[in-house]
Number of protein chains: 2
Amino acid sequence: MKSANKTQGLDPAYVCGHKDPLAVRELLTKVGDKWTIFLILALAKIHGNRARFSELEKSIPHISQRMLTVTLRNLERDGLVIRELFPEVPPRVEYELTDLGKSLLRPMEVLFDWVSGNWEAVRRSQSAFDTKKS
Amino acid sequence: MKSANKTQGLDPAYVCGHKDPLAVRELLTKVGDKWTIFLILALAKIHGNRARFSELEKSIPHISQRMLTVTLRNLERDGLVIRELFPEVPPRVEYELTDLGKSLLRPMEVLFDWVSGNWEAVRRSQSAFDTKKS
DNA sequence: CTGTATCCGCGTGGATACTG
DNA sequence: CAGTATCCACGCGGATACAG
């Protein structure tokens, strides 16, 4: 199958050395989405892997109702959260992280912590770069 | 690891409990970008935190020349990579991860590994979801 | 309270052509 | 080789209105 795709002794496409590179890239795009990250983290920490729609909305400043709904639907479809509807008046809906969703928690936290700890350094670098260019 | 819990019991906006929530969200969007992730990982592994333009292009299937250039410029501006031009004919340009860039390596790998290890489970969940809905 | 539906402006990014 | 410059199609996502 892959007999002669060596350039200098290493696979040039090693990063995508998967059965389905497109699927990997697609999923990577999804889990890297800012609303997805905020949602996973919020869902985990508000009470403990479980929260209702309105709580999530309050916990994630500036997210539109549309994006909250859309992102939650995608997470449900991807098997990362479970949606539970309580037929009350007024209606109540709770979302809970699945085991798969919980397993994504660590990667999200790691990424979020890096951003939290380094955004100021990045900002300084940007300023220096822009100054040098002007 | 639970760095965001520096606030009292239950801050509804704990996720954005930073001096500049907008900056954090913005940077999170950038480091979550698929081309950024592939680029950081490729840069680190081709030879060892250093590679030239054409090598990166080969290592990241389907990336356009434009996006490679744009992403590299942003990474340089953010202080994650350093660009070094060798005035030869033909010209040669090498990019190298800075210390800040290297510190982002682990988060990227963690996220990438999760995707690599779970995209099939996600795909199955999607199929089940779609079947149930149709 | 928890959505769904529609409109639509705007940024993202591919394709293409050209340059030092 | 390593870009830069344009054009422009497309989808993301905000705003708004409405519903169960």
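Below, read A as the first sequence line, B as the second, and so on, with proteins coming before strands; counting in each chain starts at 1. Excluded from the calculations below are hydrogen atoms, water molecules and symmetry mates; all remaining heavy atoms, backbone and side chain alike, are included.
- At least one donor-acceptor pair under 3.5 Å links the side chain of A:T36 to the backbone N or O of A:K30.
- Checking A:T69 against A:P90, the closest nucleotide of DNA chain C that is more toward the 5' end is the one next to A:P90.
- In this structure the side chain of A:R73 reaches within 4.5 angstrom of the side chain of A:R83, judged on heavy atoms.
- The nucleotide whose nearest atom lies closest to any side-chain atom of A:R73 is, among D:dG13, D:dG3, C:dG3, C:dG3.
- Here the side chain of B:F53 is nearest to one of C:dT2, D:dG3, C:dG13, namely D:dG3.
- Remark: P of D:dT4 and CG of B:L85 are 11 Å apart, rounded to the nearest angstrom.
- Note: the hydrophobic cluster containing A:V81 does not contain B:F129 (ILVMFWY, side chain heavy atoms under 4.5 Å, direct or indirect links).
- Helix bend of the helix from C:dC1-D:dG20 to C:dG20-D:dC1: the angle between its two end axes, each built from five pairs, comes to 50° after rounding to 10°.
- Between the NZ atom of B:K30 and the P atom of C:dG11 there is a distance of 16 Å, given to the nearest Å.
- Between the P atom of C:dT2 and the CG atom of A:L56 lies a distance of 9 Å, rounded to the nearest Å.
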Tabulated below should be each protein N or O lying under 3.5 Å from an N or O of nucleotides 15-20 of chain C; please produce it.
none

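- A donor-acceptor contact shorter than 3.5 Å is absent between the side chain of A:D78 and the backbone of A:L80.
- Nucleotide D:dT16 holds its C1' atom 16 Å from the CE atom of A:M67, rounded to whole Å.
- Contact annotation for A:Y95: backbone-only contact, meaning every heavy-atom pair under 4.0 Å involves sugar-phosphate atoms and none involves a base.
- One atom, NE2 of A:H62, and another, P of D:dG14, lie 11 Å apart when rounded to the nearest Å.
- Looking at the side chain of A:R52, the nearest of the listed nucleotides D:dG3, C:dG13, C:dC1 is C:dC1.
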Intermediate values then yes/no, salt bridge (charged side-chain N to carboxylate O under 4.0 Å, His left out), A:D130 and B:R77
CA-CA 8 Å; A:D130 295 342; B:R77 179 171 180 264; 2.8 Å; yes
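- As rounded to whole Å, 10 Å separates atom P of C:dT12 from atom CG of B:N74.
- Listed nucleotides C:dC1, D:dG3, D:dG14 differ in distance to A:S54; the shortest reach to its side chain belongs to C:dC1.
- In terms of hydrophobic clustering, with Ile, Leu, Val, Met, Phe, Trp and Tyr side chains grouped at heavy-atom distances under 4.5 Å, A:L104 and B:V110 are assigned to different clusters.
- Side chain of B:S125 to backbone of B:A121: no donor-acceptor contact under 3.5 angstrom is found.
- The two residues A:W114 and B:S103 have their closest heavy-atom pair at NE1-OG, 2.9 Å.
- Rounded to whole Å, atom C1' of C:dG14 lies 11 Å from atom CH2 of B:W35.
- Proximity of a side-chain donor or acceptor of A:E55 to a complementary backbone N or O of A:R52 within less than 3.5 Å is detected.
- Distance, A:I60 CD1 to D:dG13 C1': 15 Å, rounded to whole Å.
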